[in-house]
Amino acid sequence: MTAVSPTVVSPTGFSPAAFVDVRDLSVDFKTRNGTVHAVRHVSFTLEKGRTLGIVGESGSGKSVTSYALMRILDAAGVIAGGGIGFDGMDIAAASERTMRDIRGREISMIFQNPRAALDPIRKVGHQIEDVLRQHVQADRSNAYEKAIEALTAVRINNPRERYHAYPFELSGGMCQRIVIALALACRPQLLIADEPTTGLDVTTQKAVMDLVAELTRARGMAMILITHDLGLAATYCDHLIVMKSGEVVESAPALELFRNPRHAYTKKLLKATPHGCASVRDLLPEDEAPRAPAAPLAVAKDRTPLLVVDRLVKEYPLKSARSGVFRAVDGISFTVGRGESVGLVGESGCGKSTTSAIIMRLLDPTSGTIRFDGVDVGATPAAKFARSPLRGRLQMVFQDATDSLNPRFTARRAIADPLLRLGAGGEGGPMPKAEIGARVEELAALCGLPAHLLDRFPHQLSGGQKARVGIARAIAVSPDLLVLDEPTAALDVSVQAVVLNLLVDLKDKLGMSYLFVSHDLAVVKLLCARVIVMKGGRIVEEGACDQVLGAPRHDYTRSLIAAIPHPPL
Amino acid sequence: MDQAKDLMPMAVPALAPAPGGLLRHMLYVLRANPMTLLAFVLLALFLVAAVLGPLVVPHNPLATDAASALMPPSLQHWFGTDDLGRDVFSRVVVATRLDLVISVAAVALSFAGGAVLGSLAGFYGGWTDRIVSRVLDTVMAFPLFVLAMGIVAALGNSVGNIVLATAIVNLPFYARLSRTEVNIRREAGFVQAARLSGHSDLSILATQIFPNALPPMMVQISLNLGWAILNAAGLSFIGLGVRPPTPEWGIMVAEGARFIVSGEWWLALFPGAALMLAVFTFNMLGDGLRDIVDPRARS
């Protein structure tokens, strides 16, 4: 939105002073239901060595803007108006041949979904070598060493071993680091990072973003950071634009935007970002119907906890060493009281997901006991637990709502599924068909899912709506313990705010216990009274949330807290 | 893909919240793809011929008439007559039923058998997978048509055995496809969720995973129907299969081929054309069928 001086104009009409000059850009998509104006009259400029943040929620057109910049819109998308200047040339009018030269060499991109961006049947090391050799950064003799270097640069442990890994063998965070290594290997002038750290741990996010920022500065590159995370945008960007429904609603220097947001939407986004606010209610906009204050988070004090985990161990055989084993969970013990919310925090690979799968009886432990309501549930093998009378009392909300819903089931059928198998109370036979319809509608109402959405398939629902379906399904059989496996990780901040509030309300109404698995301490703090910090399969710190966050005893906890990107308030 | 995802929230309000939209969805698929529409029209034509054929044909397909042998196509005999004076048009139409029955029965059998074997192999893995896969590899190691010939020759020359032979040689394709489709969904989130809902392994396989493997299998089915017709006709052509005088496209082509050199082209051409059109129809049907059974294609 910076005014371009009218005196300096190159023959193409774009100012050579501005490295990237997007003017009045509009992008349309032709769909089955007519034309969608995905981007409307967006303008911005960016200088070399600067970082621009495009902030907005899904559907705001922020990704489409960046695709237009690289001219990689899919077949249905067209640049309907405006122009894109890049280093004085007109991208919107450039030939496809020119664009092929520019992509990768001049403009490079880090994609949202790292798995889709990597070739699934080629070793990651070879993929990095391909890029290096394509852009004459390496030859046959030194490609291997340079690839190892690139892997090391993005902080991948054991790069020599990882070089031979296929993308499916790596975690999502690892894949994203490979993608970043690929994008930076080309030494581009402009880097577009589209949600580059989604799915990464906070400490990894910090390491990766620090690295990207450092390289951008050292090479004098320009960067466009597309994100829904205001904290991240504020930490790494000089200038921010906020997009909503394809339009720019606000454009300001990063600090200015945080200190003095002008547009109502920016204010709402800022408010929904969990940073140092006291209660989960503070995340919601003020003009919404007032809710009862959340019940105070209390550490359960009763004598007989609901869940007692004792010296739990899970070992996996290693591929390389024949006799070696990998201890994913290394002798952890903890309890969850009745009606208590406990946070289980750690980075990917720390064993928190394995732990929750074992507690949910989807996985058998190598050793150790799990007592649920006095019963040794660990004694029943996971394969037989489906028929256990306790099955309905242990339920889970999955991290990826899309993946956890059967694409062939409507929302109604998905929520009814546990009722059809287990019945409403968990004991006795399945629920009579006649009652299920009413119960599903009751659950949907409880979870704030409008009844007319119940007949839609998952692909016809938004992320937040899918999360609600997943929650409704999990509480359908009135569980006592609900494991929440990063239920808001894939959601926009404003949707996250609503879902977190929903979870608090449900807990108050139904008296469940939560085990909230997350890597985000800021979110855990809002929901849990007690928090357990895991690292490398062990518990490194445990205690009341305020105390762990306020005065952490362990170095690892301190580094976790330090890595949370803070908006400069 | 990501763009589409990004657009979803905007596209959603435009959707009519219509339940039971299967019919409307079918109409949409047919309208959006003229080739699918053509395929469905041709299919309907074949089905009508199969069901009503014997009732509507102008001549008895088995009635011989030495006086009018080897007549070229005329108003009275649209496709001409064969060496015994039988009406070729009537025989081509009446043969539809037998050819469709053989191919549909064979494909249904191989689909059922292949889906069960492949799903179990894909879901349980380990030894189940190894045994099933090696047995299927053994079947596929033979040239399929030669294997079908062998089965019919060994079991006897009947319609039932043609169906069985065609089913056995096709089974590995279904098994492999369903094995892969099931295997990639074995650890999916919705499968874990189904376990939490109290589903047993077999119930997860049958109600959760397998229906998701249907869209690609539909394509396979339709391609295979065409192939099965060719296979049955091929067996009849070389004399292993349907016996004369029963009208069947394969035999008719085989019998008519003798007369092509002497200029009576219509004996082989018309049943051959019917065969080609049937194969063409089934091959085109595939994509349309897949779009109809895939809920994700609705939006």
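All chains are named by letter (A, B, ...) in the order of the sequence lines, taking the proteins before the strands, and each is independently numbered beginning at 1.
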Problem set entry | Interchain contact, A/Leu362 with chain B, by part (heavy-atom threshold 4.5 Å) | side chain
Problem set entry | Full working for salt bridge (Lys or Arg N to Asp or Glu O under 4.0 Å) between B/Glu181 and B/Arg176 | CA-CA 9 Å; B/Glu181 291 291 324; B/Arg176 286 187 158 196; over 6 Å; no
Exercise. Non-hydrogen atoms of chain B under 4.5 Å away: do they reach the side chain of A/Phe385, the backbone, both or neither?
Worked result: neither
For this session: Check whether more than 12 heavy atoms from other residues, nucleotides or ligands sit under 6.0 Å from atom CZ of A/Arg387, and answer yes or no.
Result: no
Exercise. Where on A/Arg473 is there a heavy atom nearer than 4.5 Å to chain B: the side chain, the backbone, both, or neither?
Worked result: side chain
For this session: Please confirm whether the backbone N or O of B/Asn183 pairs with a side-chain atom of B/Glu187, one donor and one acceptor, at under 3.5 Å?
Result: no
For this session: Rounded to the nearest 0.5 Å, what's the gap from CG on B/Leu164 to CD1 on B/Ile102? Could you check?
Result: 12.5 Å
Exercise. Among all residues two or more places apart in sequence or in another chain, which pass the side-chain hydrogen bond (donor to acceptor under 3.5 Å, both in side chains) test with B/Asp201?
Worked result: B/Arg195
For this session: Select one option (side chain, backbone, both, neither) describing which atoms of A/Leu394 are under 4.5 Å from chain B's heavy atoms.
Result: backbone
Exercise. Measuring heavy-atom distances to chain B, does A/Asp400 have an atom under 4.5 Å in its side chain, in its backbone, in both, or in neither?
Worked result: neither
